[in-house]
Every structure is written in C-alpha cells, then in structure tokens.
Amino acid sequence: MTAAHPAQERPAIEIVLAAPRGFCAGVDRAIQIVERALERFGAPVYVRHEIVHNRFVVDTLAAKGAVFVDELDEVPAGAPVVFSAHGVPKSVPAAAKARRLAYLDATCPLVSKVHREAERHHREGRRIILIGHQGHPEVIGTMGQLPDGDVLLIETVADVAKLQITGDQPLAYITQTTLSVDDTAEIIAALKARFPGIEGPKKEDICYATTNRQGAVKAIAARCDAMLVIGAPNSSNSLRLVEVAKRAGCDRALLVQRAADIDWAQIGDARAVGITAGASAPETLVEEVIDAFRARYEVTVREVSTARESVQFKLPAALDVSAA
Ligand code: SF4
C-alpha cells in the first residue's frame with residue numbers, strides 16, 4: 001500500500017474524469033422521494049430494498065430516519081413505505097394495498113416504460129423475451145408485471161439458441177435498462193436472426209444514463225493506464241462500466257465503492273487514471289477518491305465530456321401517496 005507522501009516526493013498523475021458519470025435522473029428522483037416522505041411523514045419512513053444500489057446513499061438516508069426492509073411484512077401497519085427505483089412486481093403494491101399501507105413508488109419512469117411495453121405486448125398476444133440478469137431486482141420487477149411463466153428471460157447470445165419456442169405465437173423482446181449496449185446489440189441481432197418477425201421497442205430500453213456513461217468510458221479507456229469505477233458490487237450499470245472499460249482497452253479497470261477501497265498497489269505506476277461513477281454513486285464519492293489521489297500524487301484533473309444530460313423526472317404529484 002502506498003502511503004501519503006509530502007508534496008515534493010509525490011509522483012505526477014493525471015486523472016481523466018469521464019462525463020457524464022454518477023447520478024442519473026431516476027436515482028435523483030428516488031432519493032428525493034425518500035427525503036420528501038421523511039419531511040412529510042416524519043421518521044421512520046420504510047423503504048423496501050435499497051432505494052438505489054449504493055451503500056453511502058442508503059446509510060445517509062438511514063441516518064435521516066429511513067428504515068430499509070426486505071419485505072413488506074416488516075413494515076408496521078399504517079407506516080409509509082417507498083418502493084425502490086428498480087421497480088417492483090405487481091404483487092408488491094397489491095400486498096401494500098391489502099395491508100392498507102401508504103406507499104410511494106420510486107420506480108424510475110424509464111423502468112416503468114418497460115413495464116408498460118411488457119403489458120402492451122402481452123395484451124396484443126405476443127410472447128415476451130426479456131434480456132436481463134437473473135435475480136436483479138429490475139428483472140424481478142419487470143417479470144412480475146405479467147403472470148408467472150409469461151416472460152422468458154435470456155442473458156446471453158448463447159441463450160437465444162436454447163430458447164424453446166413452440167407454436168406460432170408472435171414474439172417481442174424487451175430489455176433491462178442497465179445492460180451493456182454492445183452485448184445487448186449482439187443478443188438482439190441473434191434474436192432477429194432466429195425470429196425475423198420479433199418486435200422490439202421503438203427506442204432502446206437501455207436508458208440514456210447507461211448509454212451515456214458507457215460512451216464516456218469508451219472515449220477515455222484506451223488512454224488510461226487504470227480506471228476506477230465508483231459503484232456498488234450489486235449495481236448492474238457500474239459492473240457494466242468495468243466491462244466496457246476493459247473492452248475499450250483499459251485492462252486495469254477496477255470497481256471501488258469509495259476511496260477506502262482503493263488498492264494502491266493496483267494503481268502502481270499508472271500515469272493516467274480514468275474515473276467514472278455508476279448511476280447510483282454520488283459525486284461526493286468521486287471527490288473523495290480524487291482527494292485520496294491528491295494525498296499520494298501530484299494530481300492534474302481533466303474532464304472528458306461526451307454527452308450533455310438534462311433529463312429530469314417529476315416527483316409524483318403531491319408525492320402521490322396512494323392509500324388503500
Ligand atoms: Fe432510470 Fe437509467 Fe437511472 Fe436506472 S440507470 S434509475 S433506468 S435513468
């Protein structure tokens with residue numbers, strides 16, 4: 001481990017900051033929903049699952065009075081509960097209504113859009129193939145918009161060949177919002193090659209934030225000796241950024257949750273280090289990581305911006321408290 005040095009002994013290093021990085025509009029909205037609920041109802045406000053996949057965000061909200069639970073039966077009768085940004089199966093609001101809980105749905109509107117697509121295809125008689133990662137909360141929520149067994153999940157190009165589709169029911173595909181843009185394009189191409197009539201979304205299901213963060217990493221990866229992706233190990237979009245960086249030419253791409261996680265031996269003799277952050281990682285953690293570099297290196301920071309983002313999502317009307 002490299003210890004902090006006095007200024008005159010510090011080696012020079014360039015930090016190449018990817019932009020856009022960090023919080024997206026859906027994460028920002030979800031956090032605001034919890035904060036507004038705390039203001040409106042007072043603590044405790046219950047939150048089903050991590051509101052977004054970031055420990056720092058969860059701990060900060062918990063310090064303000066949010067209580068994170070795995071399932072609704074842990075929420076006392078009458079207490080307010082928020083559903084996370086990843087979306088929930090239909091059974092969850094139904095159970096909340098049955099228990100007469102006041103609930104707030106912080107599902108990202110871009111995830112809700114995929115839910116509506118799934119419902120439309122189902123209504124119009126199509127069999128739905130979902131491209132996504134098994135077990136991810138968003139995938140559980142999307143599959144849970146329709147009856148059990150009505151959505152087929154695939155994760156890879158190889159899965160396309162294994163699909164057992166019988167009869168002549170028309171097909172449609174939808175995707176998780178936080179996938180690798182390039183991997184997903186390959187899977188979609190394989191689906192279209194095998195099922196030429198398959199329908200897909202008019203515009204990508206992969207969201208603007210995922211696409212832009214991957215684009216920014218691609219633009220800087222080849223010129224960086226190492227890349228730090230600030231994000232959680234269960235954050236799909238952050239994990240994809242590590243893969244994208246490696247594929248775009250930066251073999252030393254590492255996921256860190258915050259500065260304390262940095263293995264300085266792995267930074268080693270790097271002269272240019274890229275930094276980005278997943279959509280659920282706040283900018284304060286980026287600043288913390290840069291400060292940790294400043295304690296060890298003579299740092300110059302250069303930001304490379306590949307897209308401008310102005311997306312903002314409205315909060316639910318009057319926080320849209322839906323009491324049964
Ligand atoms: Fe919404 Fe995309 Fe952000 Fe997920 S990553 S919360 S889908 S904007």
Side-chain angles (χ1 to χ4, degrees), residues 18-36 47-58 61 82-89 92 104-118 130-133 135-145 173-184 200-218 229-244 255 276-283 285-286 306-316:
R21 63 178 176 276
F23 273 9
C24 60
V27 163
D28 196 47
R29 174 178 179 270
I31 293 168
Q32 278 195 56
I33 288 174
V34 178
E35 287 176 339
R36 297 277 180 97
V47 183
R48 182 183 176 275
H49 294 178
E50 289 190 338
I51 185 75
V52 299
H53 283 154
N54 187 275
R55 197 68 245 161
F56 180 87
V57 170
V58 166
L61 291 173
V82 180
F83 304 149
S84 80
H86 310 99
V88 288
V92 172
L104 291 153
D105 190 352
T107 301
C108 175
L110 298 181
V111 174
S112 299
K113 175 185 126 283
V114 179
H115 292 179
R116 301 294 81 79
E117 273 173 57
L130 168 63
I131 306 170
H133 296 292
H136 189 279
E138 182 184 327
V139 164
I140 293 169
T142 299
M143 294 184 83
Q145 300 307 301
Y173 71 84
I174 54 176
T175 85
Q176 192 178 334
T177 57
T178 51
L179 300 178
S180 151
V181 172
D182 295 339
D183 287 351
T184 307
K202 285 196 181 62
K203 210 174 160 286
E204 283 266 35
D205 286 337
I206 296 177
C207 74
Y208 79 96
T210 298
T211 306
N212 289 347
R213 280 149 193 70
Q214 289 178 18
V217 162
K218 272 189 202 169
V229 176
I230 301 168
N234 56 348
S235 159
S236 170
N237 81 87
S238 304
L239 295 171
R240 302 295 82 78
L241 290 175
V242 175
E243 293 168 3
V244 167
L255 184 75
T276 186
S280 39
E283 186 65 10
L285 296 181
V286 175
T306 52
R308 276 178 190 278
E309 291 182 346
S310 55
V311 178
Q312 281 186 326
F313 295 128
K314 284 190 197 145
L315 290 178

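Whatever order the structure lists ligands and atoms in, that order sets their numbers, starting from 1. Counting begins at 1 with the first residue of the sequence. All values reported here derive from a predicted model rather than from experimental measurement.
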Name the closest protein heavy atom to atom 3 (Fe) of ligand 1, giving the residue it belongs to and the distance to 0.1 Å. C24 SG, 2.2 Å
Test item: T142 and H115 side chains (from C-beta on) under 4.5 Å apart, heavy atoms: yes
Any L239 side-chain heavy atom under 4.5 Å of S236 side chain: no
For atom 2 (Fe) of ligand 1, the closest protein heavy atom turns out to be C207 SG, 2.3 Å
Nearest non-hydrogen protein atom to atom 7 (S) of ligand 1, with distance, is T177 OG1, 3.3 Å
Looking only at side-chain N and O atoms, does T177 offer a donor or acceptor that is under 3.5 Å from a partner on E138? yes
Interatomic distance, CG@L315 vs CZ@R36, rounded to 0.5 Å, equals 5.0 Å
Tell me whether C108 has at least one N, O or S atom under 2.8 Å from atom 2 (Fe) of ligand 1. no
